[in-house]
Amino acid sequence: MNFPNQISGTFNHPITKNVGWLDVYKDGSFYLRFTETDIIVTGNSFTIDVTNLFPDNGTYYILISDGLFSGITGDFNGISDSTVWTFSIGDAEFNEDFNEDFLI
């Protein structure tokens with residue numbers, strides 16, 4: 001498998017981590033939940049260690065709760081659309097399709 005060891009995102013301004021969650025769905029069903037305690041924020045980026053958590057062969061999407069992150073312009077509205085941050089993992093391939101900029 002060539003899936004990265006982390007889920008990460010970058011905003012256009014420094015961010016603060018608040019109470020909330022980032023959920024991962026696999027093949028349309030709930031798979032994993034990460035809360036603020038699992039997330040590391042550095043400047044304008046966040047990372048979550050997902051080493052060995054993603055098996056081969058699946059289609060995934062990520063949802064983020066409103067207000068999990070905040071910045072100079074307020075709270076991040078989250079992601080509630082299952083088509084915004086998607087990726088798939090085949091036997092030996094990782095393909096990501098991320099269609100939204102993180103703006104706060």
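For the pair Ser65 and Gly20, the tightest heavy-atom approach, listed with the atom from each and the gap, is OG-CA, 3.3 Å.
Listed by chain and residue number, Phe30, Tyr61 satisfy the ring-ring contact (aromatic ring centres under 6.0 Å, His included) test with Tyr25 (two or more places apart in sequence, or in another chain).
Using cut-offs of 30° and 60° on the angle between ring planes, the pair Tyr60 and Phe87 is parallel. Ring geometry for Phe11 against Phe46 counts as tilted: the plane angle lies between 30° and 60°, on a 0 to 90° scale.
Contact check for Leu22 versus Ile48: side-chain heavy atoms found under the 4.5 Å cut-off. Using a 4.5 Å cut-off on side-chain heavy atoms (C-beta onward), Asn18 and Asp75 make contact. Asp49 is not listed as a side-chain neighbour of Gln6, based on a closest heavy-atom distance of 4.5 Å or more. Within the 4.5 Å cutoff, side-chain heavy atoms of Ile64 are placed close to those of Ile62.
Looking only at atom types and distance, the side chain of Thr59 has no donor-acceptor partner in the side chain of Ser88 under 3.5 Å away. There is no side-chain donor-acceptor pair under 3.5 Å between Asn44 and Thr10.
Of the inter-residue distances, the one linking Trp85 atom CH2 with Leu63 atom CG reads 11.0 Å to the nearest 0.5 angstrom. Taking CG from Asn12 and OG1 from Thr73, the interatomic distance works out to 7.0 Å, rounded to the nearest 0.5 Å. To the nearest 0.5 Å, atoms CD1 (Ile7) and CD1 (Ile39) are separated by 9.5 Å.
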### Task
Please test Phe34 against Val50 for side-chain contact (heavy atoms from CB on, under 4.5 Å), starting from the C-alpha separation and ending with a verdict.
CA-CA 10 Å; Phe34 300 98; Val50 295; 3.6 Å; yes
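Judged purely by atom type and a 3.5 angstrom limit, Lys17 has no side-chain atom pairing as donor or acceptor with the backbone of Leu68.
Note on Phe69 and Ile40: separate hydrophobic clusters, where clusters join Ile, Leu, Val, Met, Phe, Trp and Tyr whose side-chain heavy atoms are under 4.5 Å apart, directly or indirectly.
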